[in-house]
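Following: one structure in C-alpha cells, then a few remarks.
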Amino acid sequence: MYDDCDHVGFRVYARRTFSNGTVHTCVQCLKCLHVVKMPEHGNRPWIRKDEIPSGFAIHTFLEPGQKQ
C-alpha cells in the first residue's frame, strides 16, 4: 500500500455498504484506497450525504482487493 500517500488529486466521495447492510459515505483516496479524514468534514471518517457539496459524484467504495 501507499503509506506515504498524500491523497492529493485522488480523493473522491464514496458510498460503502457494510456486511450488516448499513450504508456510509466517506472521502476515499483512489491511489491508496484509504478513507481520508477532511477538515471540512470535521476530520471524521464517515460523513452524511448532505455534507457532500452539490455537483460531486458519489462513487462506489473500492476495497483494497478491487484495486487494478
Side-chain angles (χ1 to χ4, degrees):
M1 285 291 245
Y2 297 93
D3 291 328
D4 59 346
C5 183
D6 61 7
H7 317 299
V8 175
F10 295 97
R11 294 183 295 241
V12 296
Y13 288 99
R15 178 183 302 111
R16 183 176 188 183
T17 303
F18 287 88
S19 59
N20 66 0
T22 60
V23 178
H24 296 274
T25 307
C26 66
V27 176
Q28 184 178 33
C29 175
L30 293 179
K31 184 175 180 184
C32 69
L33 300 183
H34 286 147
V35 172
V36 180
K37 296 177 184 178
M38 302 292 294
E40 56 265 37
H41 301 301
N43 290 315
R44 292 175 287 121
W46 306 106
I47 59 175
R48 297 183 317 269
K49 189 176 177 182
D50 65 2
E51 293 180 272
I52 299 171
S54 62
F56 281 82
I58 302 173
H59 300 267
T60 300
F61 187 87
L62 297 173
E63 298 291 343
Q66 292 177 294
K67 189 170 184 179
Q68 298 180 9

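Not measured: the values here are computed from a predicted model. Values below: all heavy atoms of this structure, side chains included; hydrogens, waters and symmetry mates excluded.
I47 and M38 fall within a single hydrophobic cluster, where Ile, Leu, Val, Met, Phe, Trp and Tyr are joined by side-chain heavy atoms under 4.5 Å apart, directly or via other members. Cluster membership for I52 and V36, using ILVMFWY side-chain heavy atoms within less than 4.5 angstrom, is shared.
The CG atom of L33 sits 7.5 Å away from the CZ atom of F61 when rounded to the nearest 0.5 Å.
Looking at residues two or more places apart in sequence or on another chain, you find no salt bridge (Lys or Arg N to Asp or Glu O under 4.0 Å) involving R15. Residues passing the ring pair (Phe, Tyr, Trp, His ring centres under 6.0 Å) test with F56 are Y13, sequence neighbours excluded. Residues forming a ring pair (Phe, Tyr, Trp, His ring centres under 6.0 Å) with H59 (at least two apart in sequence, or on another chain): none. When the side-chain contact (heavy atoms from CB on, under 4.5 Å) test is applied to D50, the partners found at least two apart in sequence or on another chain are R48. Residues satisfying the salt bridge (Lys or Arg N to Asp or Glu O under 4.0 Å) criterion with R16, sequence neighbours excluded, are E63. Applying the side-chain contact (heavy atoms from CB on, under 4.5 Å) criterion to T22, with sequence neighbours excluded, gives F18, N20, H24.
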Side chain to side chain contact (heavy atoms under 4.5 Å, CB included) assessment of V35 paired with W46: CA-CA 8 Å; V35 172; W46 306 106; 4.0 Å; yes
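Taking all atoms of both residues into account, the shortest heavy-atom contact from T60 to A14 is C-CB, 4.4 Å. Taking every heavy atom of both residues into account, P45 and C26 meet most closely at O-CB, 3.2 Å.
Under the 3.5 Å distance criterion, the side-chain polar atoms of Q28 are left unmatched by any main-chain donor or acceptor of V12.
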